[in-house]
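Here is the structure we will look at.
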Number of protein chains: 2
Amino acid sequence: MAGVSRNNAGLSTEAIVTEALRIIDGQGLRRLTMRRLGDALNVEAMAIYHHFPLGKEQLFDAIVAHITDVDDTPRSASEPASHDAPAEPDPRSWRERLHDWAEAYRAALLDHSGALALLINRRADTPAALRSLETHYAAFAEAGLAPDTIPRAAAALNAYVTGAVIREVRTQSPASPDRVAPETVDGRYPHVARLAPTEGEDHDQSFRWGLEALLRGLVGSTHPTDRA
Amino acid sequence: MAGVSRNNAGLSTEAIVTEALRIIDGQGLRRLTMRRLGDALNVEAMAIYHHFPLGKEQLFDAIVAHITDVDDTPRSASEPASHDAPAEPDPRSWRERLHDWAEAYRAALLDHSGALALLINRRADTPAALRSLETHYAAFAEAGLAPDTIPRAAAALNAYVTGAVIREVRTQSPASPDRVAPETVDGRYPHVARLAPTEGEDHDQSFRWGLEALLRGLVGSTHPTDRA
DNA sequence: ACCTGAACACCGTTCAAGT
DNA sequence: ACCTGAACACCGTTCAAGT
């Protein structure tokens with residue numbers, strides 16, 4: 001009687017995934033429950049199974065696909081990604097393209113860090129993942145890497161970005177500061193005591209610093225200037 | 001009547017963690033249940049709460065601590081780690097020490113890849129983590145890094161190793177081969193089609209290759225020979 | 001101290017039924 | 001096609017009780 005008929009709540013996979021992410025971000029992954037999700041969508045929990053017949057695991061897959069569907073084009077944060085634009089030449093250097101992707105991917109993961117655990121045991125089969133791979137391969141080819149090392153370079157880049165986000169999330173977990181607790185550092189860990197950052201790391205800066213180091217190591221003796 | 005009295009099943013935190021890891025490795029994380037774990041230990045599920053009063057979350061913490069308690073001393077795989085040996089000078093170069101740690105840590109994570117998801121939202125506060133940090137700081141200092149860059153270098157190394165393991169586990173997930181499915185590569189991903197490894201990656205080799213590249217990038221223009 | 005047994009408030013998922 | 005409602009086989013955790 002409130003305007004929506006009994007058997008059409010306007011549910012869609014998109015709406016379900018979005019609401020699921022809201023719950024994860026707000027209450028944590030453990031509290032994402034079919035019943036709670038149904039409540040948030042004003043629907044019986046079992047209605048979700050009509051859109052995800054394989055149940056919660058399939059919902060998790062969709063959540064991961066949603067999060068990792070990042071747009072790494074230049075920084076116009078306003079308009080949504082247009083996946084079907086005609087291939088206009090990218091003005092960015094290979095280094096800029098890799099940097100932009102890394103920043104965008106990191107930001108996407110950090111935006112939903114509560115869902116990070118879902119990433120681990122799920123394959124990266126999505127079109128977005130393949131697009132990113134193509135971007136990385138092309139960039140490293142342009143950088144002059146030998147063909148057989150290009151997949152490894154792309155793998156290393158992916159590993160670094162993912163691992164950096166995880167490390168960042170781990171070190172800023174609740175109830176403990178970024179820096180090492182002073183009482184544990186007494187005598188046995190002199191280097192840690194002397195060198196550990198005193199007031200928390202700047203994760204943004206650390207990330208970029210490590211990224212640049214990795215790219216430097218990957219492209220070997222390539223000249224520091226970009227642009228093939 | 002079977003030799004053990006009714007209220008002493010010989011339970012210990014160590015035994016519980018070990019059995020929990022056996023279940024995770026054999027059946028997956030989702031099937032690790034207090035009741036199942038109790039069954040495997042020939043005990044009522046509620047007995048576990050006497051050793052882990054804070055419940056499953058505390059058990060998870062102990063599992064992560066157990067997995068990440070790696071020994072990175074030279075490759076004598078036989079004898080257990082002696083944490084209280086007098087400080088005999090380490091004959092390995094800083095590069096060898098970092099390599100050895102990376103390999104050992106990767107192996108430890110891969111050994112229980114089913115528990116990887118637990119790592120993500122849990123702090124690395126353990127003594128083992130602090131020992132590793134000390135190792136890394138000392139090695140990078142010996143390599144000649146500027147003091148303020150040493151924590152970042154250690155963070156990058158940690159990120160790479162963790163991320164590489166996750167990538168490895170993700171790409172070898174069930175029901176899909178390592179290499180990219182040919183049908184998705186048709187026309188739109190020319191570099192991927194041309195350069196993707198045809199018969200699965202050699203993860204061991206890729207890992208080492210990426211690790212060396214990262215270290216090269218981190219230590220900057222240091223000479224390729226080790227030993228300060 | 002160490003473990004049991006019953007109970008509570010939840011879960012994910014199936015299934016037949018409604019519209 | 002899309003959603004509901006009841007039911008089933010589980011969960012984690014508490015609590016009082018046993019020895």
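Basis for what follows: all heavy atoms, side chains included, without hydrogens, waters or symmetry-related copies. Order of the sequence lines sets the chain letters (A, B, ...), proteins ahead of strands, with each chain counted from 1.
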**Study point:** ring pair (Phe, Tyr, Trp, His ring centres under 6.0 Å) partners of B:Trp101, counting only residues at least two apart
**Key:** B:Tyr105, B:His136
Check your understanding: Does A:Thr171 reach the main-chain N or O of A:Glu168 with its side chain, forming a donor-acceptor pair under 3.5 Å?
Key -> yes
Review point. In chain order, what residues pass the side chain to side chain contact (heavy atoms under 4.5 Å, CB included) check against A:Ala104, with sequence neighbours excluded?
Key: none
Exercise for review: Output the residues of residues 50-61 of chain A in contact with DNA chain C, where contact means a heavy atom of the residue under 4.0 Å from an atom of the strand; sort by number or write none.
Suggested key: A:Gly55, A:Lys56
**Study point:** Pair listing, side-chain hydrogen bond (donor to acceptor under 3.5 Å, both in side chains) test, anchored in residues 41-55 of chain A, at least two apart
**Key:** none
Exercise for review: Name all stems that contain residues of DNA chain C, defined as runs of 3 or more consecutive Watson-Crick or G-U wobble pairs, both distances under 3.5 Å.
Suggested key: C:4-8 with D:12-16, C:12-16 with D:4-8
Study note, to complete from the structure: Under a 4.0 Å heavy-atom cutoff, the residues of residues 17-43 of chain B touching DNA chain C are B:Arg35, B:Val43
Determine all donor-acceptor pairs shorter than 3.5 Å in which one atom belongs to a side chain in residues 13-38 of chain A; sequence neighbours excluded.
from: A:Thr18; atom 1: OG1; to: A:Glu14; atom 2: O; distance (Å): 2.9
from: A:Glu19; atom 1: OE1; to: A:Arg22; atom 2: NE; distance (Å): 3.4
from: A:Glu19; atom 1: OE1; to: A:Arg22; atom 2: NH2; distance (Å): 3.4
from: A:Glu19; atom 1: OE2; to: A:Arg22; atom 2: NE; distance (Å): 3.3
from: A:Asp25; atom 1: OD1; to: A:His112; atom 2: ND1; distance (Å): 3.1
from: A:Asp25; atom 1: OD2; to: A:His112; atom 2: ND1; distance (Å): 2.7
from: A:Gln27; atom 1: OE1; to: A:Arg31; atom 2: NE; distance (Å): 2.9
from: A:Arg36; atom 1: NE; to: A:Arg31; atom 2: O; distance (Å): 2.7

Review item, side-chain donor-acceptor pairs of residues 60-68 of chain A, under 3.5 Å, at least two apart:
from: A:Asp61; atom 1: OD1; to: A:Arg122; atom 2: NH1; distance (Å): 3.0
from: A:Thr68; atom 1: OG1; to: A:Val64; atom 2: O; distance (Å): 2.8

**Study point:** Partner residues of B:Phe207 under the ring pair (Phe, Tyr, Trp, His ring centres under 6.0 Å) criterion, sequence neighbours left out
**Key:** B:Tyr160
Study note, to complete from the structure: In short, salt bridge (charged side-chain N to carboxylate O under 4.0 Å, His left out) pairs touching residues 151-167 of chain A with sequence neighbours left out are A:Arg167-A:Glu201
Practice item. On DNA chain C, check which nucleotide each of A:Tyr49 and B:Met46 is closest to and give me the residue with the more 5' one. Key: B:Met46
**Study point:** Length of the line joining A:Glu44:CD and C:dT14:C1', which is rounded to integer Å
**Key:** 15 Å
Exercise for review: State which residues pass side-chain hydrogen bond (donor to acceptor under 3.5 Å, both in side chains) with B:Asp111; sequence neighbours excluded, sorted by chain then number.
Suggested key: none
Review point. Which pairs pass ring-ring contact (aromatic ring centres under 6.0 Å, His included) with one or both residues in residues 8-42 of chain B, sequence neighbours excluded?
Key: none
